[in-house]
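Here is the structure we will look at.
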There are 2 protein chains.
Amino acid sequence: MKLNTKSRYAVMALADMAVFSRNNAVSLRDISLRQGISLLYLEQIFLKLKKNNIVKSVRGINGGYMLVKTPKELKILDILLALDQKVKTIGCKKDSKKSCNGKSTKCITHNFWDELDIHINSFFESKKLSDLLRNKEVRY
Amino acid sequence: MKLNTKSRYAVMALADMAVFSRNNAVSLRDISLRQGISLLYLEQIFLKLKKNNIVKSVRGINGGYMLVKTPKELKILDILLALDQKVKTIGCKKDSKKSCNGKSTKCITHNFWDELDIHINSFFESKKLSDLLRNKEVRY
DNA sequence: TATATACCCGACTAAAATAGTCAAGTTTTA
DNA sequence: TAAAACTTGACTATTTTAGTCGGGTATATA
């Protein structure tokens, strides 16, 4: 059960911004260098973050991106949703009448997976970007 | 963030066994028919379950598989581990000194992902196969 | 106003993972 | 001894992932 790198890099890059922004835009180039993420890949990621109103952009020289919300307000869940990373651990469709394995009734395990999804979702819902920053162990 | 079908089918098949076994072996053919899972695929899955001592097999006519533990004792986590489905949501290596994105220090987000893994793991650790069965909504 | 910096965006692709199938067995019991 | 059922490794089509590529556009500053 894995999270894809896009989601991971997105959280990483936003955490970087939270640390290094002093009310000025942070360029992808800087994030790329500091975090070791491909610039081209970051561009792709930030396109989505911008469309979903997680960041706003400043074009031109000295441009970059800025967080729309403060790190305290920004939920990790919002970041993941911006990258289409839904927490839906299995394929059963919740709403459909013809759902699990093509059967008309819910499969034996259906409700269990729903529970799992809720469990994970609530974790991402409760965590804010700021929660990542107070770690003493980490050096930048 | 998805669970693979192998893990899902494994849990499903074992739940089926828990429901339909009356101290006799349950054949994969029956599970296949009831749960709508390919017989050939089930064979592959049960090979792993057997290797990991989740089920034991009875060969020959009227053969099949039996649960090694009772549904009350069998943790969902054990099932997932049997299928190599580790709950390790990202690629950072926990122990290595040269870990995240090839850097010598832990990445900003490292501890957060560790927390996530623990959160999910403890869910699978706490749930037993029997927990799936008491659901009144489900018909068989 | 030239130019360098940095965002913008769709299309493409190699590699890996997934979700199976296939073939050729072996074992056991009725 | 025939049929049911487990055993096992190898194979494969499809999908997903993890990016790259190419060609833009906007803007600050020299």
Side-chain angles (χ1 to χ4, degrees), chain A residues 1-13 17 21 24-33 35-68 80 83-86 88-92 101-102, chain B residues 1-10 12-13 17 21 24-33 35-52 54-68 80 83-86 88-92 101-102:
Chain A
M1 199 148 95
K2 270 191 184 172
L3 205 62
N4 60 24
T5 59
K6 256 179 197 157
S7 303
R8 181 184 151 213
Y9 287 166
V11 174
M12 220 166 153
M17 287 177 70
S21 171
N24 53 310
V26 179
S27 74
L28 293 189
R29 191 171 167 279
D30 287 351
I31 298 175
S32 167
L33 290 172
Q35 303 302 329
I37 305 168
S38 145
L39 177 60
L40 291 163
Y41 206 27
L42 276 175
E43 286 183 352
Q44 208 183 107
I45 291 165
F46 272 74
L47 212 65
K48 291 199 173 195
L49 292 175
K50 195 194 167 191
K51 268 183 189 150
N52 286 276
N53 208 39
I54 307 290
V55 295
K56 57 191 171 190
S57 66
V58 179
R59 300 186 73 155
I61 271 185
N62 297 327
Y65 287 93
M66 305 185 74
L67 292 171
V68 168
L80 301 187
L83 291 154
D84 315 312
Q85 182 73 156
K86 287 194 200 75
K88 191 82 200 64
T89 49
I90 55 147
C92 303
N101 276 17
Chain B
M1 200 148 98
K2 272 190 181 170
L3 204 65
N4 60 24
T5 60
K6 256 178 199 160
S7 303
R8 183 185 151 212
Y9 287 165
M12 220 165 151
M17 286 175 70
S21 170
N24 53 310
V26 180
S27 73
L28 294 188
R29 191 171 166 277
D30 286 351
I31 298 175
S32 168
L33 290 172
Q35 303 303 329
I37 304 168
S38 146
L39 177 61
L40 292 162
Y41 206 27
L42 276 176
E43 285 181 352
Q44 209 182 104
I45 291 165
F46 273 74
L47 208 66
K48 293 198 172 198
L49 291 176
K50 193 193 170 192
K51 267 182 191 152
N52 286 276
I54 308 290
V55 296
K56 57 191 171 191
S57 66
V58 180
R59 300 186 73 155
I61 272 186
N62 296 328
Y65 288 93
M66 305 185 74
L67 293 172
V68 169
L80 300 187
L83 291 153
D84 315 312
Q85 183 70 159
K86 286 192 200 77
K88 190 83 200 62
T89 49
I90 55 149
C92 302
N101 276 18

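Per chain, numbering begins at 1; letters A, B, ... match sequence-line order. What you see is a predicted model, and the numbers here were worked out from it, not measured in a lab. These numbers come from the heavy atoms of this one structure, side chains and all, not from hydrogens, waters or symmetry mates.
Look at CG on Leu39(A): it is 8 Å from P on dC7(C), rounded to the nearest Å. The interatomic distance linking Ile45(A) (CD1) with dC8(C) (P) rounds to 14 Å, in whole Å. One interatomic measurement links the two molecules: NZ of Lys56(B) to C1' of dA5(D), which rounds to 18 Å at whole-angstrom precision. When rounded to the nearest whole Å, the span between CG of Leu40(A) and P of dC7(C) equals 12 Å. Residue Met1(A) contributes atom CE, which lies 18 Å from atom P of dA17(C) at whole-angstrom precision. Following rounding to the nearest Å, Met66(A) (CE) and dC7(C) (C1') show an atom-to-atom distance of 15 Å. One can place CD of Glu43(B) at 14 Å from P of dA23(C), the figure rounded to the nearest angstrom. Atom CG in Leu28(B) sits roughly 21 Å away from atom P in dA3(D) (whole-Å rounding).
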Report the C-alpha separation of Leu49(B) and Tyr65(B) in whole Å, then their side-chain angles, then the decisive distance to 0.1 Å, and conclude whether the side chain to side chain contact (heavy atoms under 4.5 Å, CB included) test is met. CA-CA 10 Å; Leu49(B) 291 176; Tyr65(B) 288 93; over 6 Å; no
Do any N or O atoms of the protein come closer than 3.5 Å to N or O atoms of nucleotides 9-12 of chain D, and which pairs are they?
none

Could you write out each protein N or O paired with an N or O of nucleotides 15-17 of chain D at a distance under 3.5 Å?
none

Write down the protein N/O and nucleotide N/O pairs, taken from nucleotides 27-30 of chain C, whose separation is under 3.5 Å; answer none if there are no such pairs.
residue, atom, partner, partner atom, Å
dT27(C), O4', Arg59(B), NE, 3.2
dT27(C), O4', Arg59(B), NH2, 3.1

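The distance from atom NZ of Lys2(B) to atom CG of Asn4(A), rounded to the nearest 0.5 Å, is 11.5 Å. Rounding to the nearest 0.5 Å gives a distance of 8.5 Å between CG of Leu28(A) and CE of Met17(A). Of the inter-residue distances, the one linking Thr5(A) atom OG1 with Ile37(A) atom CD1 reads 9.0 Å to the nearest 0.5 angstrom. The structure places CG of Leu83(A) at 5.0 Å from OG of Ser7(A), a figure rounded to the nearest 0.5 Å. Rounding to the nearest 0.5 Å gives a distance of 15.5 Å between CD1 of Ile54(B) and CE of Met66(B). Note that CG of Leu39(B) is 10.5 Å distant from CZ of Phe46(B), once rounded to the nearest 0.5 Å.
For Gln44(B), the side chain to side chain donor-acceptor pair (under 3.5 Å) test picks out Lys6(B), with sequence neighbours left out. Among residues two or more places apart in sequence or in another chain, the side chain to side chain donor-acceptor pair (under 3.5 Å) test is passed with Asp84(A) by Lys48(A). Applying the side chain to side chain donor-acceptor pair (under 3.5 Å) criterion to Thr89(A), with sequence neighbours excluded, gives Asp117(A).
Formation of a donor-acceptor pair under 3.5 Å by the Ser38(B) side chain with backbone atoms of Leu40(B) is found in this model.
Dashed line: the shortest gap from a side-chain N or O of Ser57(A) to OP1 or OP2 of dC8(C) is under 4.0 Å. Residue Ser27(A) places no side-chain N or O under 4.0 Å from the OP1 or OP2 atom of dC7(C). At dG19(D), none of the side-chain N or O atoms of Lys6(A) fall inside 4.0 Å of OP1 or OP2 (strictly under the cut-off).
Here the side chains of Leu33(A) and Arg29(A) are in contact, with some heavy-atom distance below 4.5 Å.
Within the 4.0 angstrom heavy-atom criterion, only backbone atoms of the sugar-phosphate kind lie near Tyr65(B); the bases stay farther away.
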